[in-house]
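Structure first, commentary second.
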Amino acid sequence: MEALATSAQFCIEPQCGACFGLNEHLYSCSHCGGLLDIARTGDPHDNPQNLPAIWEARRTSFEPRDRSGVWRFRELLPFAQDAPIVTLEEGNTPLYEAPRSAGYCGLQALTLKHQGCNPTGSFKDTGMTTAVTQALILGVRTVVCASTGNTAASLAAYAARAGLRCAILIPKGQVSHAKLAQSLDYGARVLEIEGNFDDCMRLVRDLREEESVYLVNSINPYRIEGQKTVAAELMEQLHWRVPDHVVVPGGNLGNSTALGKGFSELLDLGLIERLPRLSVIQAAGAAPFGQIFGNGDLSNLATDPIPNDLLQPLRHPQTLASAIKIGAPVSWKKALRRVVQSGGQVITVSENEIADARAIIGRDGVGCEPASATTVAGIKRLVATGHINSSDRVVAVLTGHVLKDTDYAIKYHSENLFSPNRDSDKTKEERRIKATYGNPPRRVKADRKTILQELGR
Ligand code: F0G
């Protein structure tokens, strides 16, 4: 008999620590306003050492909850056996060796965990399956999120599967066509807002008192629960040998929080012997989290209260990696603790670095959207500064599929991509991104001889 974990919701502020039931409809602590985390209050299994074999055995099952790469790890999740699971068979994403990207970074080897291979093309699905399942448990009518595009597409799909009404708030004109098309197709009510992602986020947070509405941004701890299973899946794929570094992009900071939580829980269960160093990479024009790390020793923040004003929100974040164009990340305190506990780093990379790194990942036959490529750009920097050694075992988490933003790719290859106008003293020509790995299409004459000439090049 599988013994599922008993759990509760807890306020993350050390001086508060208030506890709430799993089915209380909350997004933050009703005493102090702090973020909530879900934590186990009992053992997930009589003998946790047996869990890896149980999880692996489910891979050959045809039961929907076993075929999901999230619910396969259900002993780690705060749900009862008979939960009304909403799944699109998310997770179970591939790990790729990426020799060209490794060489580019100065590493002997580099492994890519491609979360873009989820049903809606981004990592969001691993958290949406649990959040929308919780929406059914709470009996709400409508699910809502603010989004730069991927959360919206994912929520729209899972809401459609669950038969729930769905509304998404997106910054007008700042979401890629592919992501917008997904949300429209899945039947969501798409509300385009004059403003940026942070404005959308403020608006949805204003709805939190509405009983019939459920917010599923990563402020919602049930999102984090699903996303944390990626740590277990990754460890299974690595035969439980802990990598030295795991590197993720940082936007609203739910993904870094979730992975950090996942690894910590595996450590607590005795399934891994140490934490990998978790590093977060932000785009330089949208890096409020990265700014904290420039400011001295943070080691006491692993356990001490974190001052609210340590993170200075950016009013006008700028980056072509539209998925992470975020100036006031909601989950920054949770992510900060996870990164500091693991001994990781938070750094920033330029638009040029992101663009070239994305093209290099493509040359490994993998491909990803711009936000995901911050990882490879960041790893190259972390190798150069000595935080990562060339022989270290490194995993970069790619968060979105290459088809999520083809406009960016085509503009890059035709050298028609311009970094955002952060420095007003730069001319448009100075902002043109040099496509070091550009591969523009050629227009050729429609005859055999020309084609053969082209092939000989
Ligand atoms: N990569 C991609 C492709 C994303 O879509 C996002 C976030 C991130 C990275 C950053 O992850 O927010 O957990 O730090 N996208 C959100 C959205 C904001 O609305 O789709 P994070």
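Indexing begins at 1, ligand by ligand and atom by atom, following the structure's order. Numbering starts at 1 and runs along the sequence shown.
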Straight-line distance of T374 OG1 to I281 CD1, nearest 0.5 Å: 6.5 Å
Atom pair CE (M201) and CG (N196), whose distance is rounded to the nearest 0.5 Å: 12.5 Å
Could you identify the single nearest non-hydrogen protein atom to atom 9 (C) of ligand 1 and state the distance to 0.1 Å? T399 OG1, 3.5 Å
Given H401, Q282, E369, Q115, which has its nearest heavy atom closest to atom 3 (C) of ligand 1? E369
State if K124 counts as touching ligand 1 under the rule of any non-hydrogen atom under 4.0 Å. yes
Donor-acceptor contact present, side-chain D392 to main-chain V394, <3.5 Å: no
Charged N-O contact under 4.0 Å between D206 and R202: no
With respect to F197, determine whether any N or O atom, backbone or side chain, lies less than 3.5 Å from an N or O atom of ligand 1. no
Identity and separation of the nearest protein heavy atom to atom 13 (O) of ligand 1: N255 N, 2.8 Å
Please state which protein non-hydrogen atom is closest to atom 12 (O) of ligand 1 and give its distance, to 0.1 Å? N252 N, 2.7 Å
Polar contact flag for G254 and ligand 1 (N/O pairs, less than 3.5 Å): yes
Is it the case that ligand 1 has an N or O less than 3.5 angstrom from some N or O of N150? yes
Which residue and atom name correspond to the protein heavy atom nearest atom 17 (C) of ligand 1, and how close is it? T151 OG1, 2.9 Å
Counting from 1, what ligand 1 atoms have a heavy atom of I326 closer than 4.0 Å? 18 (C)
Assess K325 against F197: is NZ or CZ under 6.0 Å from the centre of the six-membered ring, and within 45 degrees of the ring's axis? no
